[in-house]
Amino acid sequence: MFLQAVYTEFIKIAAKPRSYLGLAAITVLVGVILFAMKIDGLTYISFITAGLEESLLFEGDILNGNLMAFIILQMLIIHIPLLVALVTGDLISGEAAMGSLRMLVTRPVTRTQILMGKFTAGALYTLLIVLWLGFMALGASTWLFGPGDLMVLNSDGLVVLQQGDVLWRYLSGFGVAYLALLTIATLSITLSCFSDNSIGPIVTTMAVIILFTIIGTLDVPVFDVVRPYLFTTHMAAWRSFFEDPVPYDAILQSVIILLAHIGVFLSVALYHFNRKDILS
Amino acid sequence: MLTQVLGQDNPEQLVRGVYAKMRSVNSYEADMRIDADIPMLRMQQVEGRLVFKQPDKLQVKSKSLAVLPKQGFADFAKFISDTSAFTAVFSGEEKLGGVLTRMVQVLPGNSRGELILAKLWIDPVRKLVMRSELTYRNSGTVMVDYTYGSQEKYGLPDKLRFSMDVRNMKIPKAMTADLHQKKDKTDKDAKDPNRPAVIEVVLKNYKVILN
């Protein structure tokens, strides 16, 4: 019964044109970045390495598929939450707006099963977005630029990772990035339970992300206490897999905090949805 | 007395003797291993093959991204190849790793060149450069320590240790999307970002083609 509910919800997602916006946006954005880098990538790279290149000589292709994939990921991972929230923020409130939520809860499934079905379908959609992003970033970049060692740009310097040491980092990084996006999806589903229109939860989700990002970025002591617990602080945890040595403790902490957020958001959603007076 | 023991009175002749040894090799190839400790750049050990052809054609064949000093490798041999293009003067003696060396300061005749001063620590007996300190107009000073082994007779080192200053990079956080990463300022293991860059190149399995 639960699997049937998940299947039905996923079909509903697949039937909405907006669900393809995310995939299309990723395709276009990656295409634009790859085109720009193919034409002018060396200028972009030399902006960073110019200081070192006064004294050092880099032998080999710095501008390769692995670096391109990294640049694409760090550029897009900030914008992907909007593409996710666009679909998941509509899962409950969209039904309420269309008037089909009332009919949905009259079916012989519990409200918990309905919500968990929507959550699982949303999680699958998020996974699809991450997989497509991974395919476009890594697959298309490697096809266009070829393989090579990865030069990671960190704010405290550069880290060069050898080609054979990169794929597992990408796979692990995508795993943590997925968890971060799933947190966004869960937040928007939770907000969706409180709303009867589609726009509200989507805009509110983005507003929360912007607010938390600003709090996280502002280097003032007053936010030091809350900063480590904001989910936005841990949304870039995927990058940690590209450090040498890998800070596993910090990654584990980020994973725990993201999972805790998912748990809390989901609990609030279940509590509210089970007691919601559905009038439309 | 000491100079007689060391066997050379003329600094230019000494430099010429060093170059003659280097010049006996037309080209060579060797397996190389690069260990780099560079501020703001962390990289793993790189292995590859070094190919050199006189006078200054240097090529690195590696599947990995390799970092080498821009100067102080092949340009040095080219610089000392023309003895009429520089003036050499003795500036003392120093013991390096148990070897008594003569210090020679080499000033290029062309004041507009990139290399403005070379200081060489030469083993006058074996006619080997044990250390060089090359000062460039735009990229500062590169110090190179040489260790010899199997190819000593050709003046080819088994190990080179480059030490130089590199300009620090400023990478905007927006460019790295590293917005929330805050490094622990009290990290005692963190290395000094202003330390000189050190690159160690170990060469083995030489394939030498003589002139």
Side-chain angles (χ1 to χ4, degrees), chain A residues 44 47-62 64 67 70-71 73-78 147-165 212-214 216-217 219 224 227-228 230 232-237 239-240 243-245 247 250 254, chain B residues 32 34 36 38-50 58-74 136 138-142 162-184 187 189-191 193 196-197 199:
Chain A
Y44 180 85
F47 176 72
I48 298 156
T49 58
L52 287 175
E53 280 180 315
E54 280 183 11
S55 318
L56 303 170
L57 190 69
F58 289 93
E59 291 281 349
D61 285 329
I62 297 177
N64 57 50
L67 177 65
F70 190 82
I71 290 170
L73 285 183
Q74 68 178 13
M75 277 182 179
L76 293 191
I77 215 80
I78 298 166
D149 289 359
L150 170 62
M151 185 181 271
V152 181
L153 321 175
N154 284 329
S155 51
D156 59 344
L158 302 173
V159 179
V160 179
L161 301 168
Q162 290 180 358
Q163 193 186 329
D165 191 30
F212 283 6
T213 302
I214 290 170
T217 314
D219 201 3
D224 283 354
R227 195 179 291 119
L230 301 175
T232 47
T233 305
H234 303 279
M235 281 182 66
R239 294 184 95 266
S240 300
E243 288 179 26
D244 186 31
S254 293
Chain B
M32 71 186 305
I34 306 170
I38 300 165
M40 306 280 286
L41 177 66
R42 193 191 290 260
M43 64 187 306
Q44 293 157 336
Q45 194 178 76
V46 173
E47 293 194 347
R49 186 106 178 129
L50 181 80
L58 188 76
Q59 197 188 352
V60 175
K61 293 176 181 174
S62 174
K63 286 179 185 169
S64 303
L65 190 63
V67 173
L68 285 172
K70 197 170 186 178
Q71 277 136 341
F73 219 127
Y136 294 91
N138 294 311
S139 50
T141 301
V142 180
F162 297 87
S163 175
M164 75 218 83
D165 289 323
V166 290
R167 204 168 58 130
N168 277 350
M169 295 176 291
K170 284 269 181 212
I171 305 175
K173 277 190 175 183
M175 208 160 174
T176 62
D178 203 9
L179 299 173
H180 301 292
Q181 298 294 313
K182 285 186 170 54
K183 299 290 172 192
D184 185 4
D187 186 2
D189 293 331
K191 290 182 177 175
I199 300 175

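The sequence lines fix the lettering, A, B, ..., with proteins before strands; numbering per chain opens at 1.
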**OP:** Using non-hydrogen atoms and a 4.5 Å limit, figure out which bit of B/K63 sits close to chain A: side chain, backbone, both or neither.
**Re:** backbone
Original post:
What residue, out of B/M43, B/Q71, B/K70, has the most heavy-atom pairs lying under 4.5 Å from chain A?
Top reply: B/K70
**OP:** Ignoring hydrogens and angles, tell me if any N or O in the side chain of A/Q162 forms a donor-acceptor pair with the backbone of B/Q45 under 3.5 Å.
**Re:** yes
**OP:** Could you tell me whether the side chain of B/L41 reaches within less than 4.5 Å of the side chain of B/V166, counting heavy atoms only?
**Re:** no
**OP:** Check each atom of B/V46 against the heavy atoms of chain A and say whether the ones under 4.5 Å are side chain, backbone, both or neither.
**Re:** both
Original post:
So do the side chains of B/L58 and B/L50 get within less than 4.5 Å of each other, counting heavy atoms only?
Top reply: yes
**OP:** Let me know if B/S64 has heavy atoms under 4.5 Å from chain A in its side chain, its backbone, both or neither.
**Re:** both
**OP:** Would you kindly say whether A/Q163 and A/N64 are connected by a side-chain donor-acceptor distance under 3.5 Å?
**Re:** no
Original post:
What part of A/L73 is in contact with chain B, defined as an atom under 4.5 angstrom from a non-hydrogen atom: side chain, backbone, both or neither?
Top reply: neither
Original post:
Does some side-chain heavy atom of A/H234 sit less than 4.5 Å from a side-chain heavy atom of A/S240?
Top reply: no
Original post:
So which part of A/D61 gets closer than 4.5 Å to some heavy atom of chain B, the side chain, the backbone, both or neither?
Top reply: backbone
